There are 2 protein chains.
Amino acid sequence: MKKNKAISGEEGNGPLMADVARLAGVAISTVSRALATPDRVNAKTREKIMRSARQLGYTPNAIASSLRAGKSNLIMIILPGSLFYGMSQVIPQILHSINTTLARNGYHLMIANLDRDETSERHILNLAFGSAVRGALIFSSDLPDDGSRSFADTALPVVSILRDLSGLSFPSVVTNDRAAMREATEKLIGLGHQRFLYITAEQGNYHDRERYGGVVDAMETASLPKENIVLSGGALSYQEGFRIGTEAADHFATLAEKPTAVLATSDDMAVSFMSAVRQQGWRIPEDISIISFDGSPACAFCFPPLSAIEQPVEAMGRAAAELLVDLIERNERASGQRVVIPSRLICRESIAAPS
Amino acid sequence: MKKNKAISGEEGNGPLMADVARLAGVAISTVSRALATPDRVNAKTREKIMRSARQLGYTPNAIASSLRAGKSNLIMIILPGSLFYGMSQVIPQILHSINTTLARNGYHLMIANLDRDETSERHILNLAFGSAVRGALIFSSDLPDDGSRSFADTALPVVSILRDLSGLSFPSVVTNDRAAMREATEKLIGLGHQRFLYITAEQGNYHDRERYGGVVDAMETASLPKENIVLSGGALSYQEGFRIGTEAADHFATLAEKPTAVLATSDDMAVSFMSAVRQQGWRIPEDISIISFDGSPACAFCFPPLSAIEQPVEAMGRAAAELLVDLIERNERASGQRVVIPSRLICRESIAAPS
DNA sequence: TTGTAGGCGTTATCAG
DNA sequence: CTGATAACGCCTACAA
């Protein structure tokens, strides 16, 4: 009833502009104009065309427009495989807010996994260099490189999220990892804690450096020795958060001088650590205080409710998408601008003064 | 160094096949062949072409190929906005496994939010009818419809995930909601429980019907009266899982005859319920046993560790993507086939015999 | 084995 | 205001 594509065509790929033109008794170009710039065509003709289009169920072929226009309306987001697991809803939340913002501006979002194989890097580079996408968002990742081409050389507008790549002149939307961690540490110091366990993944990566730096800052300000920070983890990726937290608890058990407070760099590490030390007989927060990073909604329902540095995921996604759209629209690219969206420390029952 | 695009062209959209041809001293078509069907061109010519291509950093224009071929290699996944929140990692996990499978077969994954506004429905229909995508995965959603076009009429290959749409002749990859819930209920009945609180979202939707049905099945088999199932929630979407669980705890507090076991239809509902009833002074599992649905990895680290029906998210994603690729490759579409990937009941400390 | 020519569906330019 | 025509970049008969 709505669709009319010839005689059941089997493969008939839907009506074309030409079909609409024929039905309306005008030239193809007139149809095109009626659709793109309605006020540049006579009202009556326009009406006729619109009616024909509706009657045929015509939908413009997006690929043909893209080819003609020399640009697509696809945005690619590069996601590290390691962030797909765990309880923190960083990925879905950010995808949702980005996608909503992009859709509102007429763009579509394509996902590109950045796994640890070279195929995925090549895929991404093909997309970037093959004019398949109009812009890219790169989420907490390094720049793909397949040996002969590097993402750094792309002519695409790119915005980095979470990781600060403004030094490479990619505009970046980040949070204040360092200051937030410093604030959390100061909070614990204020409660009387002096000895900390810092649990991390992938020691030395951007987030670890920033966050650890924040802890050190706070210690220095309070004139506490750096040696009071015991490190745990550091060898695995964020994807392994639960394992990192569990192992940190084992590590904790072996320590002669126990830290009284824990700073975990992801929710997964925090909850698995809490679960394991509880089984060892420690109480939270009486024996151990703990604050984590990410602050997914589930933290409020942990036992005890988990204090956390809450990353403004939605806001970051929105900001990044808007920045990218703006870049595209203004036909720019470089500019090492840096948007910082602050994280908030949410204190819940997992912290208290040491006993 | 790698890229050579004329004299810094400003807008020069990268080298074309024509550039490669010129550099190699052959015709464009020969370049095309050398890239697509290498053995149909002289080894020496091929070499020359490959070298030129590499030297220029040539990457084929994906849009042009798609137009020429009459088909894109984009797959769209339709995701309901309501599933982007909460602790269960259904969305990221399934995106990851789908994307990996698709990438291996040369396809790319595009996200389409299905929010509650008509714009998003129109967007999706434009994609489906505008030849922009080659196939679609529809994740636990109803079929988009903008009033004049319906997704049901699309000529695209479509696979439904989680929701059984095989009746509408869309191949579907689902889990055994009903049987799994039945098994969970039987487990609790076996422990001696006779009175249940069933917490749900969106009463009457596909998942609710299936899951509730499973509870009823188990009750009937055990000759327990249906009245022993107390319902909570049912008015909000899955997105509101934490709120649903919290409210269910309030509801629980008002009940004269307390259920001794709880069946929650998402992890979010379960953890927020546990958190709230604990504050009311109840103990789990001594006073209340609880089993949830989804079984995200974090369940193992709850307090107490949460028993759950674990959905095989990865496997479902992989199966759906493979099914879709197969459909595309074999040029088919309809076929109400239904792949069931069973969920597993994982028992942890949140259940025990009633006291 | 290689080259020539035409077309995929749309849009922009230029006449009429 | 409308119509013919030429691209967009690639691929594939078909011809050489």
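What you see is a predicted model; the values in this text were computed from it and never measured. Here is the naming used below: chain letters follow the sequence lines, and residue numbers restart at 1 for every chain.
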Tabulated below should be each protein N or O lying under 3.5 Å from an N or O of nucleotides 14-16 of chain C; please produce it.
none

Is A/S65 reaching over with its side chain to a backbone N or O of A/N61, donor-acceptor style, under 3.5 angstrom? yes
Length of the CG-P vector between B/L67 and C/dT11, whole Å: 12 Å
In whole angstrom, give the distance that lies between atom CG of A/N73 and atom C1' of C/dT10. 14 Å
Using a strict threshold of under 4.0 Å (side-chain N to carboxylate O), is an ion pair present between B/R163 and B/D142? yes
Using a distance-only test with no angle check, is there a side-chain donor-acceptor pair under 3.5 angstrom linking A/D117 and A/S120? yes
Whole-Å gap separating C1' (C/dT10) and CG (A/D19): 14 Å
Give a yes or no on whether A/K48 atom NZ has more than 12 heavy-atom contacts from other residues, nucleotides or ligands under 6.0 Å away. yes
Separation of C/dG7 P from A/N61 CG (nearest whole Å): 18 Å
Chain A vs DNA chain D, heavy-atom contacts under 4.0 Å, first-to-last nucleotide span, 5' to 3', is D/dC1 to D/dG9
The nucleotide from C/dT2, C/dT11, C/dG6 with an atom nearest the side chain of B/R68 is C/dG6
Test item: A/S172 side-chain N/O and A/F170 main-chain N/O as donor-acceptor pair under 3.5 Å: yes
Are any side-chain N or O atoms of B/N99 and backbone N or O atoms of B/H96, one a donor and one an acceptor, separated by less than 3.5 Å? no
For A/L16, answer base if it contacts any base atom (sugar-phosphate contacts may also be present), sugar-phosphate if it contacts only those atoms, and nothing otherwise; contact means non-hydrogen atoms under 4.0 Å. sugar-phosphate
Under 4.0 Å: is that the gap between some side-chain N or O of A/Y58 and OP1 or OP2 of C/dG9? no
Judged by atom type as modelled, is there a donor-acceptor pair below 3.5 Å linking the side chain of A/S141 to the main-chain atoms of A/F139? yes
Test salt bridge (Lys or Arg N to Asp or Glu O under 4.0 Å) applied to B/R149 and B/D153, step by step: CA-CA 7 Å; B/R149 298 169 299 178; B/D153 298 338; over 6 Å; no
Reckon A/S131 touches a base, only the sugar-phosphate, or nothing at all at heavy-atom distances under 4.0 Å? nothing
Among residues at least two apart in sequence or on other chains, which ones pass side-chain hydrogen bond (donor to acceptor under 3.5 Å, both in side chains) with A/E314? B/Y85
Give one of base, sugar-phosphate or nothing for A/I28, where a contact means two heavy atoms less than 4.0 Å apart. base
Please evaluate the base of C/dT4 for a donor-acceptor partner in the side chain of B/S29 within a cut-off of under 3.5 Å? yes
